Structures are given as structure tokens and as C-alpha cells.
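Predicted model, so just to flag it, every value in this text is computed and none were measured. Naming convention: chains lettered A, B, ... in sequence-line order (proteins, then strands); numbering from 1 in each chain.
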Number of protein chains: 2
Amino acid sequence: MKKYLEILKTVKLFKGIKESDLMLLLGCLSGKLQHYEKNEIVFMSGESINSFGIVLAGQVQIVQEDFYGNRSILANIGVSNLFGESFACAGIKNLPVSVIATAESDLLFIDCQRLATPCVNSCAFHSQLIQNMLHITAMKNISLMQKIEFVTKRTTREKLLAYLSSEAQKAGSSCFSIPFNRQELADYLSVDRSAMSAELGKLRDEGILKFHKNHFELL
Amino acid sequence: MKKYLEILKTVKLFKGIKESDLMLLLGCLSGKLQHYEKNEIVFMSGESINSFGIVLAGQVQIVQEDFYGNRSILANIGVSNLFGESFACAGIKNLPVSVIATAESDLLFIDCQRLATPCVNSCAFHSQLIQNMLHITAMKNISLMQKIEFVTKRTTREKLLAYLSSEAQKAGSSCFSIPFNRQELADYLSVDRSAMSAELGKLRDEGILKFHKNHFELL
DNA sequence: CTCTTTTTGTTGTATTTCCAACAGACTTAT
DNA sequence: ATAAGTCTGTTGGAAATACAACAAAAAGAG
């Protein structure tokens, strides 16, 4: 766990917790570190969970799949971010989504019960953790709204431009990388991959953007 | 304010607060009651807000509008539910959405600062309020995900059926009312109104559902 | 009640998306 | 280096959607 101390310090859930208290706190929360291979399933939809995760290395995706096999990617969770905490905090028993590691990943799992109920040692941090968690779920709300903004755009072109400019803004530069390959991007924006590929080609021909693999530049 | 005591007792934010403490608490939070006419704007996109609202009567809608005039309804907020709290908790300065009263409404506004910082009187409730707020934002997360599930369906028919069956489930009956007229439903599901109307007609002809105005029955 | 406005349903056409199939580029394993 | 597998771009036809225009029904105003 110690090798991830630097990462843990950047996790928003632990904001305001002293570095010296961090390991102690993790013990109290009975945090469990686990390794996942690429494409391994972390949580399966329908499953009942009693812990949420923190990505310490790699990345995971939150995925919805209907029984026609249509896949929809709700979110990509990168290093130092949480997943599953909304279901935990809302007390949802059966997961309506799956979580999949899309790269070799190290994930830290924390028991929700432990977070919600103060214990002798962590009591001092408890109130801080809840407040941090509130901030995190509120931020997730915002990014879900932003995703809705993308997918409700009428055409593939508009969806692409809305998504890409938001990524550029997030990166603070017109050059940026995205955490998706083409099929994943299509599943995130909820469009047809081939049509999207064609549209990307058009946008490039019109001089609106450049791209190479998952690296983009808006012009 | 007293006339709404029964409603206030059902507000999830105040869960665990004794009825006798409620009015005291509202004073501490400097809650302000305000009346709105139908179609009046409550919050305007771009505005900077420092309070969130609770619907005591009527309803409001959370609306996104792009500069082509395409409207997207993110959510409908009914009696005893909160709006704007995600932006408050996330510390978002400029509202990315608008809030509009879609019926004559009484709204209670609460200052975020007051909620976040304990004061001499409300201190005892403070921790409870934060926990309740966490639960509320987590639940909102879930309903946003559900909305994404609707709008990412490929066809108008699938969107309708996904939405209507979720409403039936929520109502606990195959008969239920929806809080939208046709144009609003189209803007919520992000489809063309006329195409949606046609699809509703087909579904009725096929004996899959019955409807009259905003009252539906799944068969 | 009558007139006006809003809401809902219907239709036809242009546009867009979806799907399937395929070829080339790139990766990975052996 | 070869072969198998994956990812990306391209195309054509089928299906679905968006848009505009209009008629009928319902709601609201005077």
C-alpha cells in the first residue's frame, strides 16, 4: 500500500486528512488492495456490493448493457478517482451497472459501513470523510449532466464536438488525449462507431481537428 | 411557512430531525419562502447561485438549452424534492442549467453556506443534514444514470418503453401519471415530438399501452 | 358562448443513423 | 518473420429520425 501513498494523497475523499493519519485511517476503513488484469470484471451488474473502489493505477469503466447487447459507457474512472460510491451512499442493493477494468489496474476497496459508522480511531476523520464524499457525489452529478448534454445532441458531429471541446477545456489545451478507443468513444457518445469514424474523417478534412489514435487537437 | 409543516416533514433533507426542531432549524438556515407563477424562471443558466431550493408546492424542471434553441429537460422536481443542491455542494459558480417553474409553485430557498458551516443552534443537526444531503445527491446520481439509460436507447420506441416502464415501477402500478406534456416528454427523452406522438399511437394500436393526456396504462 | 391559443396527432420528404461487410493498419504471440 | 487477432476507416443499402406544415382537439380568455 505504501507505494501508493503519493496517489492516496491526491484522492479527494481524503482531502484534509494528514498524511501521517492516512495509513491509520485506511486500517480503520479496512481498505483492501486488489489487482486486476485488463478486461477483468470488477463488479457485475445485478451483484450486491458493500464496498466502493478507488483507482490507484490503471482505469475502470462504468458500463450499462441491455439484453440486445447494446453497450453504453457511463463514465471512465481514472487514477485517484472513486467508483461505486453512489450506489453505496444511496443504499442501492442490486447494481444496475457493471464495472470493468479497461487496463491493468490496482484498486482499493473500502467498506461503506465503516465509512458511515464512526469508530474509535477514525471518529475524528469521520465528519471530514462524509463532507468529502458529499462533494465527490455532487461533482459526479455534474459530470453525469455533462454526459447527458453530449448524448442529447441531435447529430454525431455535434456530439463529437461537444465532447471534444469539453475534453480540451478539461485539459486546458487544444491538444489532449482521451481515455477511449473508437468503439468505446462511440459507446460513450451513444452513436454508431462506423458513422462516428466517418464523421471524424470529415471534421479532419474540413480542418476542424487533427487526431492520431486517441490523441486529438482542435484547430 | 407553518402551512407547509406536513410537507417539510417528508423532505428527505430533514430526515431524523424532530418536528419540534424543524422551525428552529429553518430559522438557523435562513430559509426563505417564495412564490412563483407558471413558466416563471427560478434560476437562469449562467447565474451564480448561493442557495438551493425545496419544492413545497407545484413543480420545477431542470432545463438545458443550447444556442440552436434545442431544449433538453434533465429532470422534473416534484413536491418535497430538492433542486440546485448539486451545484451548491460541488461549489459550481456558474449554473450550466436553468430552473423553471412549470406550475404555480411555492419554493423554499436555503443558503448553502449556512448548511455547510455549523452555527450555535443548528450544530446538533448539522451532521445529520450533511449525511442526508449525501444520500440525496447519491440518489440523484442514480436517477441521472437512469435518464442516461433512456436517452441512449437507439429508437424512440425503446426510449418510450424504458421510460414508461420505469414510471410504472416507481408508481407501483401499471396505471400512472407522468409530469410531462408531449413536448416536454420529447425534450426529456430527447426525441422529435411528432415522431414520438406517432410512436405512441403505434404502441396503442398494437395494444401495448393505453393513454389519455398524461395518464398512461401499460398492458 | 365565441374566439384565440395551446396541445396533440398525422403525413410526406429530406436527412441522418444503423448495420453489415470488408480492407488496410497496427499489435501481439509464437 | 509469420500468423492471428484487434482496431480503424470506408462504403452502400435499409431503417429510423428530424423537420415542416397542417388539421383536429382541448384549454383558456374575454
Between atom [atom1] in [X] and atom [atom2] in [N], what is the gap in whole Å?
X: B/N181; N: D/dA27; atom1: CG; atom2: C1'; value: 13 Å
X: B/L203; N: C/dT8; atom1: CG; atom2: C1'; value: 16 Å
X: B/Q183; N: C/dG9; atom1: CD; atom2: P; value: 12 Å
X: B/I178; N: C/dT8; atom1: CD1; atom2: C1'; value: 13 Å
X: A/D187; N: D/dC7; atom1: CG; atom2: P; value: 12 Å
X: A/K38; N: D/dT6; atom1: NZ; atom2: P; value: 11 Å
X: B/H212; N: C/dT8; atom1: NE2; atom2: P; value: 11 Å
X: B/H215; N: C/dT7; atom1: NE2; atom2: P; value: 21 Å

Q) Given side chains that start at C-beta, do those of A/R157 and A/L203 come closer than 4.5 Å, heavy atoms only? A) yes
**Q.** Non-hydrogen side-chain atoms of A/N132 and A/K12 separated by less than 4.5 Å
**A.** no
Q: At under 4.0 Å between heavy atoms, which parts of nucleotides 9-21 of chain D does protein reach? Answer with one letter per nucleotide, 5' to 3': B base, S sugar-phosphate only, - none.
A: BBB----SSSBB-
Q: Could you tell me whether A/E217 atom CD has more than 12 heavy atoms of other residues or ligands within 6.0 Å of it?
A: yes
Q. Just by distance, with hydrogens left out, do B/N76 and B/Q59 show a side-chain donor and acceptor under 3.5 Å apart?
A. yes
Q. With ring centroids as reference points, do A/Y163 and A/Y188 lie under 6.0 angstrom apart?
A. yes
Q: Locate the shortest heavy-atom distance separating B/R182 from B/F211; write the atom from each residue and the value.
A: NH2-CD1, 3.2 Å
Q) With respect to the phosphate group of D/dA27, does any side-chain polar atom (N or O) of B/K213 fall under 4.0 Å of OP1 or OP2? A) yes
